[in-house]
2 protein chains.
Amino acid sequence: MNAPGQIIKQGRKWDQVLEGARTVFMRDGFEGASVDDIVREAGVSKATLYSYFPDKRLLFVEVAKAECKAQSDEAIKEVEGSDDIRVALSQAAGRMIRFFMSDVGIQVYRIVVGESQRFPEIGREFYDCGPAMVRSILVEFLKRAVADGKLKIDDIDLAADQFPELCKAGLHVQMVLGLRDKASDEEIDRVIAGAVDMFLCKYGVAD
Amino acid sequence: MNAPGQIIKQGRKWDQVLEGARTVFMRDGFEGASVDDIVREAGVSKATLYSYFPDKRLLFVEVAKAECKAQSDEAIKEVEGSDDIRVALSQAAGRMIRFFMSDVGIQVYRIVVGESQRFPEIGREFYDCGPAMVRSILVEFLKRAVADGKLKIDDIDLAADQFPELCKAGLHVQMVLGLRDKASDEEIDRVIAGAVDMFLCKYGVAD
DNA sequence: TAATATATAAACTGACCAGTTCAGTTTTTT
DNA sequence: AAAAAACTGAACTGGTCAGTTTATATATTA
């Protein structure tokens with residue numbers, strides 16, 4: 001009755017379908033997931049699924065976008081936290097690592113990379129609401145730090161590409177390839193410290 | 001007739017099969033490639049293919065291993081070239097970038113990442129003759145440089161993880177996601193210079 | 001030359017799966 | 001309560017594909 005200003009739902013089971021699709025895609029990948037599995041998981045009929053989504057591929061795109069957005073929102077929560085640039089960078093590094101080392105993050109990355117040749121728009125969607133998102137936040141952060149005299153960077157775009165890569169430090173590729181399923185806190189702290197040390201060595205101002 | 005358990009190891013058409021498989025896998029990915037396409041491309045009968053390889057998956061593993069090895073051999077050709085550590089590092093960076101930015105390198109990475117969940121041994125094989133290979137070469141190089149007093153590194157393992165990541169600098173992910181198909185020489189040079197600068201800033205000895 | 005190993009084409013099996021259709025049921029709206 | 005919208009379940013279509021089998025052909029070698 002009272003749903004004023006609410007976005008008109010296309011149907012009652014939209015979320016249900018998306019959630020089921022999420023579960024199955026994350027578990028089985030894109031090719032590995034059958035639409036029949038998805039409708040079973042979602043507790044929905046096949047006809048219903050196809051009344052919402054024209055095909056399996058676009059259903060996955062929707063899932064991936066939702067997943068990216070959820071993670072971005074989580075990561076953005078607060079970019080700033082400390083006046084000490086070293087502390088701030090360490091916090092940012094920690095957020096980024098959790099961003100792309102999480103189970104869902106790894107899994108979405110795997111699927112998107114695997115399918116991005118046959119379905120290029122998947123790669124674009126993922127990039128725009130994943131890496132590009134992080135990157136633009138980082139650029140803003142670095143600009144402010146430079147303006148505040150806390151960092152000295154001539155090529156901010158390059159620096160914004162370098163820092164996330166430093167935060168991977170071999171761990172990401174191992175997880176993506178399935179060689180390990182988690183990184184210990186010690187390892188992550190070591191990688192963060194190494195990344196921040198190196199970044200500040202190059203771009204820090206003399207204290 | 002055919003003794004069970006006997007594995008056919010050699011035959012005239014082994015290379016022919018592998019070459020055809022390489023072409024089709026690189027063009028269409030793993031799922032996208034059909035065995036019929038491969039035998040057509042290789043100019044070989046299906047029965048012949050299956051007399052050499054027990055299934056499609058292991059055929060792909062063999063292709064990926066051969067591809068990795070070819071690229072590694074290419075990259076290893078000469079690790080050293082200059083006494084100047086900056087020049088030597090720049091050359092190493094250039095080799096690495098060409099290693100994982102090449103068409104074949106990107107394509108193998110895509111396929112391996114996409115399939116590594118369902119077929120974990122593919123991830124392992126790729127890692128061992130790709131990233132791990134590069135890494136061990138780099139570790140040796142860095143150890144020697146430290147021994148020669150040209151670098152000062154406390155955690156060589158970490159440094160050997162950081163340098164290749166610095167060489168990616170956002171380009172790799174864009175290529176893997178299909179957002180661009182090549183990087184200009186200027187971009188590559190800029191990335192190399194940035195990586196070497198940063199690396200030497202942290203690990204270089206005062207001149 | 002005869003035996004053996006290797007290769008071939010083509011048909012076949014068995015399974016899987018995306019997407020459609022439709023008659024009938026449930027939920028929401030008027 | 002009636003109409004409209006959303007949903008169901010199950011069968012069905014049309015297609016793909018990995019892997020096997022068979023009957024036949026060619027090359028090597030003893």
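In what follows, chains are A, B, ... by sequence order, proteins preceding strands, each numbered from 1. Everything numeric in this text was worked out from a predicted model, so none of it was measured.
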Query raised in the report: Within the distance-only criterion (no hydrogens, no angle test), does the side chain of A:Arg110 pair as donor or acceptor with the backbone N or O of A:Val176 below 3.5 angstrom?
Result: yes
Report task. Look at the aromatic rings of B:Phe100 and B:His172 and report parallel, tilted or perpendicular, splitting at 30° and 60°. Result -> perpendicular
Report summary line: Contacts of A:Gly32 and A:Ala47 projected onto DNA chain C by closest heavy atom; the upstream (5') one is A:Gly32
Requested in this report: Please work out whether the ring planes of A:Phe25 and A:Phe30 are parallel, tilted or perpendicular, with thresholds of 30° and 60°.
Outcome: parallel
Report summary line: Axis-to-axis angle for the helix from C:dT1-D:dA30 to C:dT30-D:dA1, ends of five pairs each, to 10°, equals 20°
Query raised in the report: Nearest-Å distance, CZ (A:Phe25) to P (C:dC17)?
Result: 13 Å
Query raised in the report: Rounded to whole angstrom units, what separation is found between the CZ atom of A:Arg12 and the P atom of D:dA4?
Result: 18 Å
Query raised in the report: Is it the case that more than 12 heavy atoms not belonging to A:Asp103 sit under 6.0 Å from its CG atom?
Result: no
Report summary line: note: B:Lys56, atom NZ; D:dT16, atom P; distance rounded to Å ~ 14 Å
Requested in this report: Would you kindly give the CG-to-P distance between A:Leu49 and C:dG19, to the nearest whole Å?
Outcome: 10 Å
Query - Spacing of A:Glu31 atom CD relative to C:dA18 atom C1', expressed in whole Å - result: 11 Å
Query raised in the report: Does B:Tyr52 have a side-chain nitrogen or oxygen under 4.0 Å from the phosphate oxygens OP1 or OP2 of C:dT6?
Result: no
Requested in this report: Let me know the distance between CD of B:Gln16 and P of C:dT6, rounded to the nearest Å.
Outcome: 15 Å
Query - Atom of B:Asp84, atom of B:Ser82 and distance for their closest heavy-atom approach - result: N-OG, 3.0 Å
**Report entry** Integer-rounded Å distance: D:dC12 P and A:Tyr50 OH
**Finding:** 19 Å
Query raised in the report: Which of residues 33-46 of chain B have a heavy atom under 4.0 Å from DNA chain D?
Result: B:Ala33, B:Ser34, B:Val35, B:Lys46
**Report entry** Spacing between A:Lys13 atom NZ and C:dT25 atom P, to the nearest angstrom
**Finding:** 16 Å
Query raised in the report: Can you tell me how far CZ of B:Phe126 sits from CD of B:Glu115, rounded to the nearest 0.5 angstrom?
Result: 13.5 Å
Query raised in the report: Among A:Glu121, A:Glu62, A:Glu31, whose salt bridge (charged side-chain N to carboxylate O under 4.0 Å, His left out) with A:Arg57 holds?
Result: A:Glu121
**Report entry** Spatial distance of atom CG (B:Leu158) from atom CD1 (B:Ile153) [nearest 0.5 Å]
**Finding:** 9.5 Å
Query raised in the report: Would a distance-only check, ignoring hydrogens and angles, find a side-chain to backbone donor-acceptor pair under 3.5 Å from A:Gln16 to A:Ala42?
Result: yes
